[in-house]
Every structure is written in C-alpha cells, then in structure tokens.
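Labels below follow one simple rule: chain letters A, B, ... track the order of the sequence lines, proteins then strands, and each chain is numbered from 1. Hydrogens, waters and symmetry mates are skipped; everything else that's a heavy atom, side chains included, is used.
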There are 2 protein chains.
Amino acid sequence: MSKSQITNTGQVTEIFKALSNPNRLRIFLTLVSAWHMNSGCISDQELAYYVGDLCECVEVSPSTVSHHLRELSHAGLIKMERCGQRICCSVNSETVAALSEFLTCLQRK
Amino acid sequence: MSKSQITNTGQVTEIFKALSNPNRLRIFLTLVSAWHMNSGCISDQELAYYVGDLCECVEVSPSTVSHHLRELSHAGLIKMERCGQRICCSVNSETVAALSEFLTCLQRK
DNA sequence: GTATTATTTCGATATATGTCGAAATCTCAA
DNA sequence: TTGAGATTTCGACATATATCGAAATAATAC
C-alpha cells in the first residue's frame, strides 16, 4: 500500500516499452484481470497465473513467454515467485499505481 | 472536452509504443510542459512547439524528429498543424485523458 | 518567376526485438 | 538417484526500429 513514485523518465520508457508489444500487453492484461477477480481476497498471490497457463492463454511458446515475463518483471509491472515446480506471476500493484499517477499528473488541471 | 474512449488493445499498444523510445518520450514531455504552461490561455495551439525547436530541444536531426512526430501523431498523442512555413506541434488532450483513464481502470477498486 | 527556410521523404545502415526449438536448469516425487 | 514436469537459457533467424544525410517538397519573401 506504500506509494511508490516514478522518479526518472528512463523508468517510464522501460514501462511503456514493456507494454508496447501486443503479446506482452495481453499477458499483462491477463494478469490484471486475475488481480481484479481477486479483489476480495487477502493475498495478492491468489489467482495469479502460472507461466504455463499464460503460454496457453496467449498461444505463444514457453521460451517467448518467459522472455516477455522477464521484460515485464524488469519494468516492475509484475511479480514472479516460485511455487514448487512452477512460477506464480501476478501484477505489481505499486508500479501500476505509480504509472497511473504519472499519467494523471500529465493532464492539465 | 468530449470524452474519448480507448476501445481496443491495439490502440493501447500503439500509444505505448509511441512513448517507448527515449527521444520520442522527451519530445512528448516537452510538448506536455508547454501545454501545462498554457493552462490559462484559450487556445490549445498557444505555446505549441515548432518542429525545428523540438529538434534543438532533443538534439536530434530534423529527419529523425519528423519520423518521431509522425509516430506520436499516428498514436493520437499529438496534433500537428501547418502555420505558414512551419508546423505547430501540440498535445492531443483527448488521448492523454483517455490513456489516463485506461490506466486508472486497471487499478483494483 | 527565383531564393530561402522549414519540413518530409528516401535510401542506407546499425542495432534491437520477437520468435522458435533444442538444450540446460530447477523442483518435486517415486 | 533417477525421472518427469515446468521454466529458462541459448543460439539462430527474420523483422522492426532509430538514426543520419541527401534529395524532394512546401511555403514564403524578394
């Protein structure tokens, strides 16, 4: 719940770049929808997607999805956590909030 | 002042792609700052930048700036209008508002 | 008209990106 | 410890992008 800020434009560029590929955006929006479904739950981790499930959703090979997930993760847009054999992917709410605020600030009062 | 909506993800991808290059983002943010300065004026056109001035701001060749401006324009992020010999560039407020709203909607209630 | 200024288009080039399949790595279960 | 499943890493390749300078175009001034 702490408020993270976007401090430099390089960070913004990286976030926009991460969301500028159609498949990567689809992956991200899939995770966002899972996150929304989960609005009553306690943990952010609930209703996260496994990497393999995301491959099926977007119909892209595991190696490519892995690459896209790394980009999203480096941009701070998602979190990845090992759960046994698999890896849980979920939205990083802080970055989404920071990005949303950045764009709100762009607007004229 | 009318409220434009972002209807498909292809549109979102295009907007993010337009903002995913460092120089293109700098050009856009330069126009945004001009737009902010102008908050008391009547016309959106006031305090717009000419193409040549943008070239100086970002220290990139005219041909490259022209290319970036076309991308920003195609994404709907800026408006370009001929003013005599030169061309006036300014923020397209509707798209910025729509993008801002899109990102606000991504957030969990 | 011709010259000047502003911008775009064109062609070239270097670099970055998206994609896949194969091989490697990691985790768990038997 | 060996095997199976999940994911990543590693080439390889095709396509896209960023960039420039030169040439073309557009608008104005003379």
Could you work out, with side-chain hydrogen bond (donor to acceptor under 3.5 Å, both in side chains) as the rule, every residue matching [X], not counting sequence neighbours?
X: B/Thr13; value: none
X: A/Ser61; value: A/Ser63, A/Thr64
X: B/Thr95; value: none

Sequence neighbours left out, what passes side chain to side chain contact (heavy atoms under 4.5 Å, CB included) with [X]? Give chain and number order.
X: B/Thr30; value: B/Tyr49, B/Leu54, B/Cys57
X: A/Arg70; value: A/His67, A/His74
X: A/Ala97; value: B/Gln107

* Is the phosphate of D/dT8, meaning OP1 or OP2, less than 4.0 Å from a side-chain N or O of A/Ser66? ->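 Indeed, a polar side-chain atom of A/Ser66 lies that close.
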* Asked: Side-chain N or O of A/His68 less than 4.0 angstrom from OP1 or OP2 on C/dT19?
  ->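 Affirmative; the distance criterion is met.
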Distance in angstrom units between [X] [atom1] and [N] [atom2], rounded:
X: A/Ile87; N: D/dT7; atom1: CD1; atom2: C1'; value: 6 Å
X: A/Glu56; N: D/dA6; atom1: CD; atom2: P; value: 10 Å
X: A/Leu69; N: C/dG18; atom1: CG; atom2: P; value: 13 Å
X: A/Tyr50; N: D/dT7; atom1: OH; atom2: P; value: 9 Å
X: A/His67; N: D/dA12; atom1: NE2; atom2: C1'; value: 14 Å
X: B/Glu81; N: D/dA26; atom1: CD; atom2: P; value: 18 Å

* Can you sort out the partners of A/Phe16 under ring pair (Phe, Tyr, Trp, His ring centres under 6.0 Å), two or more places apart, ordered by chain and number? =>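 Only B/Phe16 meet the ring pair (Phe, Tyr, Trp, His ring centres under 6.0 Å) criterion with A/Phe16.
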* So which of residues 70-77 of chain A are in contact with DNA chain D, with a heavy-atom cut-off of under 4.0 Å? ->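 Going residue by residue through residues 70-77 of chain A, the ones with a heavy atom under 4.0 Å of DNA chain D turn out to be A/Arg70.
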* To do: Taking only heavy atoms on the protein side, list every residue of residues 10-26 of chain A lying under 4.0 Å from any atom of DNA chain D, sorted numerically.
  =>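 Within this stretch, nothing sits under 4.0 Å of the strand.
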List the atom pairs, with distances to 0.1 Å, where a side-chain N or O of residues 20-28 of chain A and a protein N or O form a donor-acceptor pair under 3.5 Å, not counting sequence neighbours.
from	atom 1	to	atom 2	distance (Å)
A/Ser20	OG	A/Lys17	O	2.8
A/Asn21	OD1	A/Asn23	N	3.0
A/Asn21	OD1	A/Arg24	N	3.0
A/Asn23	OD1	A/Arg26	NH2	3.2
A/Arg24	NE	A/Ala18	O	2.9
A/Arg24	NH1	A/His68	ND1	3.2
A/Arg24	NH2	A/Lys17	O	3.0
A/Arg26	NH2	A/Val58	O	2.9

* **Pairwise side-chain contact, B/Ser90 with B/Leu31, heavy-atom cut-off 4.5 Å (strictly under)** =>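 Side chain of B/Ser90 against side chain of B/Leu31, heavy atoms only: no contact under 4.5 Å found.
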* Asked: Counting distance only, does the side-chain N/O of A/Asn92 pair as donor-acceptor with the main-chain N or O of A/Gly76 below 3.5 Å?
  ->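 Looks like yes, one N/O pair under 3.5 Å.
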* Summarise protein proximity over nucleotides 22-30 of chain C in one line of letters, 5' to 3': B for base, S for sugar-phosphate only, - for none, counting protein heavy atoms closer than 4.0 Å. => -----BS--
* Kindly state each residue pair satisfying salt bridge (Lys or Arg N to Asp or Glu O under 4.0 Å) with at least one member in residues 50-64 of chain A, sequence neighbours excluded. =>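 Applying salt bridge (Lys or Arg N to Asp or Glu O under 4.0 Å) to every pair that reaches into residues 50-64 of chain A, excluding sequence neighbours, yields nothing.
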* Asked: Base, sugar-phosphate alone, or nothing: which one does A/Val60 contact when heavy atoms must sit under 4.0 Å apart?
  ->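 The residue A/Val60 makes sugar-phosphate contact but no base contact.
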* Which residue lies more 5' along DNA chain D, comparing A/Thr64 with A/Arg86 via nearest heavy atoms ->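 On the 5' side of the pair lies A/Arg86.
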